[in-house]
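Computation of the quantities below employed the complete heavy-atom set of this structure, encompassing side-chain atoms and omitting hydrogens, waters and symmetry-equivalent molecules. Everything quoted here is computed from the prediction, not taken from an experiment. In what follows, chains are A, B, ... by sequence order, proteins preceding strands, each numbered from 1.
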Amino acid sequence: MGHAKADNESETVELEWGKAGGRGKNPSVKFYKSFKYDGTDYAVHDCVYLYKEGVDEPYVGKIVKIWGNEKLKVNKVKVQWFFHPKEIQYYLMGENVKEDELFLGSGKGLGVANVNPLEAIAGKCNVVCISKDSRNPQPSAEELSKADYVFYRTFDVDSFSISDKWGDHVGELEAKFVFNRINEISENLSLPHVVDDRNVGGCKVNRNNSRMGSSEDPESKAKDKFASPIDGARKTEDPVKEFEDVDNRPAKRTKLELQDNESKEINGISLERNTKICSSKDSLVLAKDLQLDSKSNHNDVALSKKRKVDEDFEVGKTKFTMKFGDDSRSYVPSKSSSILKSSAIEKSKKLVVTRRPNVDKNTWFKDGPWEDRMLTAQEHGTLILLQNLDPEYTSGEVEDIIWHAFEEKCSAKMVQHTAISSPFSGKAFVIIRSKEVVDRVLKRLLEDCLMLPNGRPLVGSRARLPKVSEKLANFDGHLSIDKLKHKVQRDMKEAVSTSHYSQPNTIEYEMAVDWFLLQARSTMWWKKLHKKQADEIKKHKANLKSKQNAN
Amino acid sequence: MGSADEYAAFEEKVKRTMYVDNLSPSVTPPVLRSAFDQFGNVKNVQFIPNYFEPKEMPQAALVEMETKKQAEIIIEGLSGTPFMVSGMPRPLRARAAEVSMFADRPIKPGRRIELRWVDRNDPGFAEAEKMKSLTKLHSAEASFLLKRLREDEANLAKKQKETLTAHYQKYEMIENILSDGTVNRLANKYGMKF
């Protein structure tokens, strides 16, 4: 398990130091708070991939410390590890593990953190903390959908135990550096994870909270302490236990109100972070005296409610509140900086989907029932089926997506999910105005990939609806005795309701139990299938991420 | 602001709604409503259209109850005891509804959709292409499984039909020999009292 791919690249790749963070005892050692490597900015507390050839899932860690030794010309990062469930399978004891869940290493001892060559970093990784801990700003649905991984539990390398309780320190990190920073979104996919210090007492950032360990490489990470089981687990490629559906994690948690008022809120919130990280002077001053006047601005009310942010943020011993409204202009610096940053990172091909113009104004033209329109569209070849959508999208949002991606109006209908629908691929029927446009859309979707926020490409195909059979065949599982059919039908007409609970001493009960069995069995089938598919999707997603990040 | 309230209200509705399937195509909204009105107050019934299978396949529906509690109790009840609507013996199956099952779901506040075109020059292109074919594979797998499920259902129904017919014939035979005097004649012949 040597180092990640890095070494051979190090000669060609550019490294640029960011803010200095002081000197070590050794005069040639210099600490840094951030650096730019291969075009990507990294800062302390960012989560990164440490990629190693031949391992199907790259290691993920959080940067604790960065330094370079000028004399020896070596650059190091100290990384606190996240564990993949696979790696600690032995200790999970059948715990339910979310599909993209990681476990943050905690406790003291080998395996929590290692010093690695800086060049071992393969890219940023977006790890979102979904702990319900009051100190943790809950991620929005969007943040979740962009997350490469989520975590809410720790793995203690001393006691080999899993815990979802967060103390003041986790391994080498103070707890506040573990939780999400507010507003990670605006900074693009992979964001550093630093601070939210609401409710965290004594908010001084302790940069020296990590002791510099002796040089260890990633290899020793698991090996030393976790000699047999874990290391074994790392090698074997057993599928991880009990995944839950992931892609459409319905994100019932609180969400940031982003839509319209987004920028404002982001400003307000990002502020705190900026004071910590960018330490922009403006915001620093502001942070001392933020006032959240929830009445001054509706949006903010929504925000504060949604996020369950009480009106008081306790930071240290001072009561900080935020004020939007008039003061919001003071946030402009932080706003523009974060937006600039994100747009710089964003590839030019990125489209942000907003509501189409005149979306609710088609009152002058009433359409017939959807089913009829769909059939007509099928005849004309203007009906397509989209897949891979977030199952929670609304039909309107699908129309917006088509509008932004192809500049075509259409009518869309999300296929309503049932018990057997794929939990990660939402489908939608779309009727487009002409066959030519359909051809263009499908061609483009086939040749290029339109990546959705869930990290997967939109798949389009011509839709084929099932043939409508005229006669209503018998429903499998509802039995009747032919000779009595007539009578039964007459009875049914007279009956007000023909529903009942079956009594255990009847033949129908016995037969119903057979159906129960079949239903239960099929539930298992679907569960298994969806789990397998989720695994595959996840693998591809990770590959995609690491490829794009590596580049 | 309005949208947040709207969404919160919608989420409440989701909580008190049951998803019911294994319904015969002959079940209509009023039938379903009266079936569940026995246990509580049905506020709304909505069938989920099935665009991928022929009409004679089982239907699914959303049944909104007055309270979350009512829905939970019914779901619990239906999982233990077979509950049949408009026919026997195939029982209904009920579960808690999910957001993605509703046709009229509002847009989730705060959701931002960002699209990105990945073309041939993008490092992730090959992987994204793979994901596209994976999606198709997955949907083929799902159709296959569904086909298998429908076959199993048909087989079970056929088997039960045979059992039922056999039982019926047996009873019919007994009834016939009782009513046409055969039993009495046989009893006389063998000197037995009947």
What one should report as the nearest heavy-atom pair of B:Lys132 and A:Leu446 is NZ-O, 3.0 Å

Checklist entry - Do A:Pro457 and B:Val118 have side-chain heavy atoms sitting under 4.5 Å apart? => result no

- Message: One pair to check against side chain to side chain contact (heavy atoms under 4.5 Å, CB included): B:Asn50 and A:Thr418. What are the steps and the verdict?
- Response: CA-CA 9 Å; B:Asn50 184 348; A:Thr418 63; over 6 Å; no

In short, A:Gln416 meets B:Pro49 closest at the heavy-atom pair OE1-CD, 3.1 Å

What one should report as the nearest heavy-atom pair of B:Ser100 and A:Pro391 is CB-O, 3.3 Å

Would the number of heavy atoms belonging to other residues, nucleotides or ligands and lying under 6.0 Å from NZ of A:Lys532 be above 12?
yes

Is it the case that atom CD in B:Glu175 sees more than 12 heavy atoms from other parts of the structure closer than 6.0 Å?
no

Of all heavy-atom pairs linking A:Leu544 and B:Met131, the shortest is CD2-SD, 4.3 Å

Residues at least two apart in sequence or cross-chain that pass salt bridge (Lys or Arg N to Asp or Glu O under 4.0 Å) with B:Asp180, listed by chain then number, are none

Q. So, is the end of the A:Arg444 side chain (NZ or CZ) under 6.0 Å from the ring centre of B:Trp117 and within 45° of the ring's axis?
A. yes

Applying a strict 4.5 Å limit to non-hydrogen atoms, the region of B:Thr165 in contact with chain A is neither

| said: Could you check whether any side-chain heavy atom of B:Met88 comes within less than 4.5 Å of a side-chain heavy atom of A:Leu479, counting everything from C-beta outward? | reply: no

#### Entry: Sub-4.5 Å side-chain heavy-atom contact between B:Glu114 and A:Met451
no

Answer key: most heavy-atom pairs under 4.5 Å with chain B among A:Val513, A:Asp514, A:Leu465, A:Thr506 is A:Asp514

The interface call for A:Leu385 against chain B, heavy-atom contacts under 4.5 Å, is side chain

| Between A:Ser522 and B:Arg148, a side-chain donor and acceptor under 3.5 Å | no

Whatever's closer than 4.5 Å to a heavy atom in chain A on B:Asp37 counts as neither

- Are side-chain heavy atoms of A:Gln519 and B:Leu92 found at a separation under 4.5 Å? no

Looking only at B:Gly124, B:Pro82, B:Ala157, most heavy-atom pairs under 4.5 Å shared with chain A are made by B:Pro82

Distance col, row B:Ile113:CD1 vs A:Glu142:CD, nearest 0.5 angstrom, shows 9.5 Å

Q) Between A:Lys427 and B:Phe52, is NZ or CZ placed under 6.0 angstrom from the six-membered ring centre and within 45° of the ring axis? A) yes

**OP:** Establish, from distance only, whether the side-chain atoms of A:Trp515 and B:Glu153 form a donor-acceptor pair under 3.5 Å.
**Re:** no

Looking only at A:Gln503, A:Gln387, A:Met414, A:His500, the option with the highest number of non-hydrogen pairs under 4.5 Å against chain B is A:His500

Cut-off 4.5 Å, heavy atoms of chain A, and the answer for B:Leu32 is neither

The interface call for A:Leu452 against chain B, heavy-atom contacts under 4.5 Å, is both

Closest non-hydrogen atoms of B:Val85 and A:Ser499, given as atom of the first, atom of the second and distance, are CG2-CB, 3.6 Å

Residues at least two apart in sequence or cross-chain that pass ring-ring contact (aromatic ring centres under 6.0 Å, His included) with A:Trp526, listed by chain then number, are A:His530

Output for pair (A:Phe475 CZ, B:Ser86 OG), nearest 0.5 Å, gives 10.0 Å

One option among B:Thr163, B:Leu78, B:Asp21 has the most heavy-atom pairs under 4.5 Å with chain A, and it is B:Leu78

Give a yes or no answer on whether the side chain of B:Arg90 reaches the backbone of A:Asp476 with a donor-acceptor pair at less than 3.5 Å. yes

Honestly, the part of B:Lys158 sitting under 4.5 Å from a heavy atom of chain A is neither

dist B:His167:NE2 -> A:Ile507:CD1 (nearest 0.5 Å) comes out at 3.5 Å

Heavy atoms of other groups near B:Glu76 CD, more than 12 under 6.0 Å: no

Handout entry: A:Gln533 side chain vs B:His138 backbone, donor-acceptor pair below 3.5 Å
Key = yes

Honestly, the part of B:Pro106 sitting under 4.5 Å from a heavy atom of chain A is backbone

Given B:Leu145, B:Asp104, B:Ile48, B:Asp152, the one with more heavy-atom pairs under 4.5 angstrom with chain A than any other is B:Leu145

Honestly, the part of A:Phe429 sitting under 4.5 Å from a heavy atom of chain B is side chain

Rounding to 0.5 Å, atoms CG (B:Asp119) and CD (A:Glu447) come to a distance of 11.0 Å

When rounded to the nearest 0.5 Å, the distance separating CG of B:Leu137 from CD of A:Glu536 is 6.5 Å

Do A:Cys449 and B:Glu129 have side chains that approach each other closer than 4.5 Å (heavy atoms only, starting at C-beta)?
yes

Taking C-beta and beyond as the side chain, do A:Lys541 and B:Glu127 meet within less than 4.5 Å on heavy atoms?
-> no

Turns out that what part of B:Leu134 lies under 4.5 Å from chain A's heavy atoms comes down to side chain

Item to complete: Report yes if some heavy atom in the side chain of B:Tyr51 is under 4.5 Å from a heavy atom in the side chain of A:Lys413; otherwise report no.
Response: yes

CG (A:Leu386) and OG1 (B:Thr135) are apart, to the nearest 0.5 Å, by 12.0 Å

With salt bridge (Lys or Arg N to Asp or Glu O under 4.0 Å) as the test, would you mind laying out the steps for A:Asp448 and B:Arg120 before giving the verdict? CA-CA 7 Å; A:Asp448 294 341; B:Arg120 256 158 239 288; 5.1 Å; no

For A:Glu392 and B:Arg105 the tightest heavy-atom approach is O-NE, 3.4 Å

In terms of heavy-atom pairs under 4.5 Å with chain A, the winner among B:Ala60, B:Pro58, B:Ala97 is B:Pro58

#### Entry: Parallel, tilted or perpendicular: ring planes of B:Phe39 versus A:Tyr501, cut at 30 and 60 degrees
tilted

Give the C-alpha distance, both sets of side-chain angles, the deciding distance and a yes or no for side chain to side chain donor-acceptor pair (under 3.5 Å) between B:Arg111 and A:Ser140.
CA-CA 8 Å; B:Arg111 180 158 53 212; A:Ser140 70; over 6 Å; no

